[in-house]
*Asks:* 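The structure's right below; bear with me while I get my questions together.
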Amino acid sequence: MGTMLQEADPTLEDFQGHEGCNEILNVSRPDIVRGVHDKYLAVGVDAIETNTFGANWANLAEYGIEDRIYELAFAGGKIAREAADAASTKEKPRFVLGSLGPGTKLPSLGHTTYQKLKDAYYTAAKGLLDAKSDALLVETTQDLLQAKAAVNGCRQAIEEVDFDVVLIAQVTVETTGTMLLGSEIGAALNALEPLEIDLIGLNCATGPAEMSEHLRYLSKFANCAISVMPNAGLPILGAKGAEYPLGPKELADALETFVGDYGIGLIGGCCGTTPEHLAAVVEKM
């Protein structure tokens, strides 16, 4: 999402003076955001993520607009809902996953408190659910206390709606084999599964090759379903910044193996994965 939004070359005016705050585009340039959703839906994906990864207290506070969490989350959910509904058929419904990123303030390091984060995630989740998102996706989590705050904030919002909502928690395991703060995948499972999430999984930081052993662990010990959204390989510094080496066929082959070997229920792509990557995954699966 982020890369494709930047490729659309929004102006400083589009960002309402908050350069780089992609969530602002949900209200200023919904046409750009809708265009990204449409490209993924056109290749046959079942679900799209909202453009709300940074619609959280920490990220928006860096721009001085933390009071706009609900507004930007709702707007992002509405754009994705309209795109998914337009592409849905009776035979192939399309679903909206409300994206909730980790922010930049980690409670385990004393940057903020659990309660402040939980309240902020509740606000974002409420916006996403008021826009009729089908699922809430807590993703790229690096701190298990932050993940708990997000999941419990989401649960509070879910309890207030009258429709079924899938709750997904995805952690990010670095190339070191642990999350940023040192937690291993077993600790993540033990911390998050008791919160009655519907899926636990991995996303970001690495490509599929580096995720395999962690997915093997989840497949053996998790009682809930499993998701995975790898990057298109480990990033390489190129002329235009980070470049991702894994092509569409390689990503599709890896995800097919994960589904077959580990019973993964939800697959997708994170950094560096384009509509072409997902087209190959759709064809393969």
Side-chain angles (χ1 to χ4, degrees), residues 1 23 26 47-61 66 68-81 84 95-108 112-172 179 183 188-204 222-229 265-266 268 270:
M1 171 63 75
E23 288 70 27
N26 292 338
I48 52 174
E49 283 192 47
T50 57
N51 177 41
T52 55
F53 183 82
N56 56 60
W57 162 71
N59 283 59
L60 297 184
E66 60 268 34
R68 298 181 68 179
I69 294 174
Y70 178 91
E71 173 199 358
L72 298 178
F74 176 81
K78 186 169 180 287
I79 297 166
R81 179 78 271 159
F95 302 97
V96 173
L97 312 183
S99 172
L100 296 153
T104 56
K105 306 297 183 186
L106 305 181
S108 291
T112 185
T113 65
Y114 166 88
Q115 190 62 48
K116 186 173 183 67
L117 279 186
K118 180 189 172 189
D119 292 346
Y121 277 113
Y122 161 76
T123 301
K126 181 171 174 54
L128 290 166
L129 294 184
D130 284 352
K132 298 297 187 289
S133 296
D134 300 293
L136 295 176
L137 171 58
V138 176
E139 60 176 327
T140 324
T141 56
Q142 304 151 328
D143 174 355
L144 290 178
L145 189 57
Q146 172 260 320
K148 285 184 174 183
V151 168
N152 286 330
C154 288
R155 179 68 65 199
Q156 183 180 345
I158 290 170
E159 288 173 354
E160 295 177 2
V161 299
D162 60 359
F163 56 93
D164 188 39
V165 180
V166 175
L167 182 52
I168 310 163
Q170 291 184 160
V171 300
T172 294
M179 297 170 65
S183 305
L189 179 63
N190 287 334
L192 299 175
E193 191 174 55
L195 302 181
E196 298 183 351
I197 55 177
D198 296 300
L199 294 96
I200 189 169
L202 298 168
N203 80 291
C204 208
N223 293 309
C224 60
I226 304 170
S227 64
V228 63
M229 299 181 190
L266 174 66
C270 201

*Asks:* Minimum heavy-atom separation for Ser108 and Asp143, please, with both atom names.
*Replies:* OG-OD1, 2.7 Å
*Asks:* Check this for me, if you would: do Asp134 and Arg81 make a salt bridge, where the nitrogen-to-carboxylate-oxygen distance has to be below 4.0 angstrom?
*Replies:* yes
*Asks:* As an exercise, state the distance from CG of Leu137 to OG1 of Thr140, rounded to the nearest 0.5 Å.
*Replies:* 7.5 Å
*Asks:* Atom SG in Cys270, atom CD in Glu49: separation rounded to 0.5 Å?
*Replies:* 7.5 Å
*Asks:* Taking the side chain as every heavy atom from C-beta outward, state whether Leu167 and Ile158 have any pair of such atoms under 4.5 Å apart.
*Replies:* yes
*Asks:* Can you give the donor-acceptor pairs under 3.5 Å from side chains of residues 121-128 to other protein atoms, not counting sequence neighbours?
*Replies:*
from	atom 1	to	atom 2	distance (Å)
Tyr121	OH	Gly101	O	2.7
Tyr121	OH	Pro102	O	3.4
Tyr121	OH	Gln146	NE2	3.1
Tyr122	OH	Glu160	OE1	2.9
Tyr122	OH	Glu160	OE2	3.0
Thr123	OG1	Asp119	O	3.1

*Asks:* Please report the shortest heavy-atom distance between Ser183 and Leu144, naming the atom on each side.
*Replies:* OG-CD1, 3.7 Å
*Asks:* Applying side chain to side chain donor-acceptor pair (under 3.5 Å), name anything that partners Glu193, two or more places apart in sequence or on another chain.
*Replies:* none
*Asks:* Please list, chain by chain and in numerical order, all residues satisfying side-chain contact (heavy atoms from CB on, under 4.5 Å) with Ala169, sequence neighbours excluded.
*Replies:* Val151, Leu192, Ile197
*Asks:* I need the minimum non-hydrogen distance between Val171 and Ala188, along with the two atoms involved.
*Replies:* CG1-CB, 4.0 Å
*Asks:* Indicate yes or no: at least one non-hydrogen side-chain atom of Lys118 is less than 4.5 angstrom from one of Thr113.
*Replies:* no
*Asks:* Measure the CZ-NZ distance between Phe163 and Lys132 for me, rounded to the nearest 0.5 Å.
*Replies:* 5.5 Å
*Asks:* Only counting residues at least two apart or in another chain, list the ones meeting salt bridge (Lys or Arg N to Asp or Glu O under 4.0 Å) with Asp198.
*Replies:* none
*Asks:* Thr172 vs Leu202, test: side chain to side chain contact (heavy atoms under 4.5 Å, CB included). Steps then yes/no.
*Replies:* CA-CA 6 Å; Thr172 294; Leu202 298 168; over 6 Å; no
*Asks:* Going by heavy atoms in the side chains, are Cys154 and Val138 under 4.5 Å from each other?
*Replies:* yes
*Asks:* Quick one: side chain to side chain donor-acceptor pair (under 3.5 Å) pairs with a partner in residues 147-158, sequence neighbours left out?
*Replies:* Tyr114-Asn152
*Asks:* Ignoring hydrogens, what is the shortest heavy-atom contact between Gly76 and Thr50? Give both atom names and the distance.
*Replies:* O-CG2, 3.9 Å
*Asks:* Is there side-chain contact between Phe53 and Met1, with at least one heavy-atom pair below 4.5 Å?
*Replies:* no
*Asks:* Within a strict 4.5 Å, meaning less than it, do heavy atoms of the Ile69 and Asn56 side chains meet?
*Replies:* no
*Asks:* If you measure from CG on Asn26 to CZ on Arg68, what distance do you get to the nearest 0.5 Å?
*Replies:* 10.0 Å
*Asks:* Holding to side-chain contact (heavy atoms from CB on, under 4.5 Å), I want the full list of residues that pass it with Ala135, two or more places apart in sequence or in another chain.
*Replies:* Leu97, Val166, Ile168
*Asks:* Can you tell me how far apart CG (Leu199) and SG (Cys224) are? Round to the nearest 0.5 Å.
*Replies:* 6.5 Å
*Asks:* For Gly103 versus Ala58, what's the shortest heavy-atom pair and its separation?
*Replies:* CA-CB, 4.2 Å
*Asks:* Can you find a side-chain donor-acceptor pair between Gln170 and Thr141 that sits under 3.5 Å?
*Replies:* no
*Asks:* Which atom pair, heavy atoms only, marks the closest approach of Pro107 to Leu117?
*Replies:* CD-CD1, 3.5 Å
*Asks:* About how many Å separate CD of Glu159 and CG of Leu129, when rounded to the nearest 0.5 Å?
*Replies:* 11.5 Å
*Asks:* Between Asn59 and Glu66, is a side chain to side chain contact (heavy atoms under 4.5 Å, CB included) present by the stated rule, with each step listed?
*Replies:* CA-CA 8 Å; Asn59 283 59; Glu66 60 268 34; over 6 Å; no
